[in-house]
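Here, residue 1 is the first one in the sequence, and each next residue gets the next number.
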Amino acid sequence: KRFMTTIQPLACQIVEYDPACMQDLLVALVAGWGGNDPASCYYDFWQSMIASPHKSMEVVLLAIKDDQAKGVAFANWRPFRNNNARSVVYLVPDNYQKKGIGTALKNGIDVAFRKRGLTHQIAMLNERSLPAAGFFKKNGFVAEDNMVRLAWDGDDYSYKEVPGLSFHLYDASCLDDKIDDELADFYNRAYANEQVGIAFNGAQIRRLITDDDVWMVYARDDASGQIAAYTEGTRTSLFSGVAVLRPWWGTGLAQWIIGYTMDLYRERGFDALWSITRRRNAASIRLQKRLGWHIVGPYPLYIATVPD
């Protein structure tokens, strides 16, 4: 006779993370992912999450059973695609996977999203998390966009300066309301026709700088004073974004500002970087390849509508 076994769900309590009484649970959970090791590339992220979860997160949930955290899920505060969509991450230790914990966390995120009037969850998978694609498909996520991950591993690169433009670093050391508003206006113009772009305001730019520890480089046209391009850097090895307004396309400005930003990353101790872009964005991929980047692999994006 053949006997079929079924995996019984591991009943967990899904709760919103409160550092006042749950910090030890999260510390113990992330220890298995190296999150408490200062040598880990994820150390700064996890320590920030543990200490100030709502600094950069809209929602943080723990799956708890027997006074232990068996999984965590979180949603970033930053709108993505539209004002009612947020990027989400689900993490469950290997020894607790396929026990229903991820699904329970997903249902918990749905509840939290409905309370906040949010309508869509967006998950992006890299080469390490691709095996989780089945989980997302099973839980109502639909493949939406064909993204690729690019990496720079320390190869040589070069660029030329473009006359008539000046570069400026903008970070938490030089906050300015006027620059917040200028950068928001630039962002909205640069991404007006992009699906990933939403209308930003100065307060949101300020929150990126102060709460997400983002730093930016922007290029200003010396004659008009207009911002012509910007890059978005992070405290990690993620090179988050670059945009150049159409009048400066083909001038070499994009290669200059990316290379200049890579210089700043190197000054901060990074000898490898990564970014994501649409596979169909051939021009951007060619540009990054000229600066020593290469395609690592797919980076699929999945979207789920929050049920009513």
Side-chain angles (χ1 to χ4, degrees), residues 19 35 38-58 60 74 76-80 87 152 154 157 159 161-162 164-191 197-245 248 253-276 291:
S40 168
C41 59
Y42 302 108
Y43 177 78
D44 287 345
F45 168 80
W46 279 120
Q47 297 312 302
S48 176
M49 172 77 81
I50 289 166
S52 304
H54 297 103
K55 182 179 179 183
S56 59
M57 297 298 159
E58 183 93 27
V60 181
F74 47 86
N76 195 274
W77 74 268
R78 183 177 185 170
F80 188 84
S87 61
W152 172 74
Y157 59 92
Y159 53 82
E161 296 185 7
V162 179
L165 294 161
S166 56
F167 283 175
H168 307 267
L169 174 64
Y170 189 58
D171 60 18
S173 70
C174 54
L175 297 174
D176 186 300
D177 292 343
K178 182 175 183 294
I179 294 176
D180 291 337
D181 292 338
E182 284 186 287
L183 285 168
D185 179 68
F186 169 86
Y187 185 95
N188 295 336
R189 294 178 61 195
Y191 290 103
I198 55 95
F200 256 54
N201 57 41
Q204 288 171 309
I205 295 292
R206 176 65 62 89
R207 186 173 180 184
L208 284 176
I209 299 293
T210 57
D211 290 5
D212 286 10
D213 295 330
V214 163
W215 50 274
M216 299 179 180
V217 175
Y218 62 93
R220 194 182 290 280
D221 179 71
D222 294 337
S224 67
Q226 182 180 14
I227 294 178
Y230 103 121
T231 55
E232 188 175 314
T234 69
R235 67 180 184 275
T236 70
S237 57
L238 169 62
F239 192 141
S240 186
V242 58
V244 177
L245 290 186
W248 284 273
L253 174 55
Q255 186 162 336
W256 181 21
I257 197 168
I258 292 175
Y260 181 86
T261 303
M262 290 169 68
D263 290 346
L264 296 182
Y265 267 108
R266 294 180 74 176
E267 290 176 8
R268 286 163 167 75
F270 292 95
D271 55 9
L273 302 171
W274 67 279
S275 67
I276 58 173
L291 284 155

**Message:** Tell me whether the count of non-hydrogen atoms from other residues, nucleotides or ligands lying under 6.0 Å of OH in Tyr42 goes above 12.
**Reply:**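 Atom OH in Tyr42 is not packed in, count stays at 12 or less.
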Answer yes or no: does atom CZ of Arg268 have more than 12 heavy-atom neighbours from other residues, nucleotides or ligands under 6.0 Å?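 Result for CZ/Arg268: enclosed.
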So does Ala203 get a backbone contact from the side chain of Asp180, meaning a donor-acceptor N/O pair under 3.5 Å?
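No, the answer is negative, given that no donor and acceptor are paired below the 3.5 Å cut-off.
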Heavy-atom side-chain contact between [X] and [Y] under 4.5 Å:
| X | Y | value |
| --- | --- | --- |
| Met216 | Ile205 | yes |
| Arg206 | Asp177 | yes |
| Tyr157 | Asp263 | yes |
| Ser48 | Arg235 | yes |
| Trp77 | Leu208 | yes |
| Met57 | Asn76 | yes |
| Tyr260 | Thr231 | no |
| Tyr230 | Thr261 | no |

Could you tell me if the ring centre of Tyr218 sits under 6.0 Å from that of Phe186?
->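 For Tyr218 and Phe186, the ring centres are not under 6.0 Å apart.
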Set out, in order, the CA-CA distance, both residues' side-chain angles and the distance that settles side-chain contact (heavy atoms from CB on, under 4.5 Å) for Gln226 and Leu245, then state yes or no. CA-CA 10 Å; Gln226 182 180 14; Leu245 290 186; 3.6 Å; yes
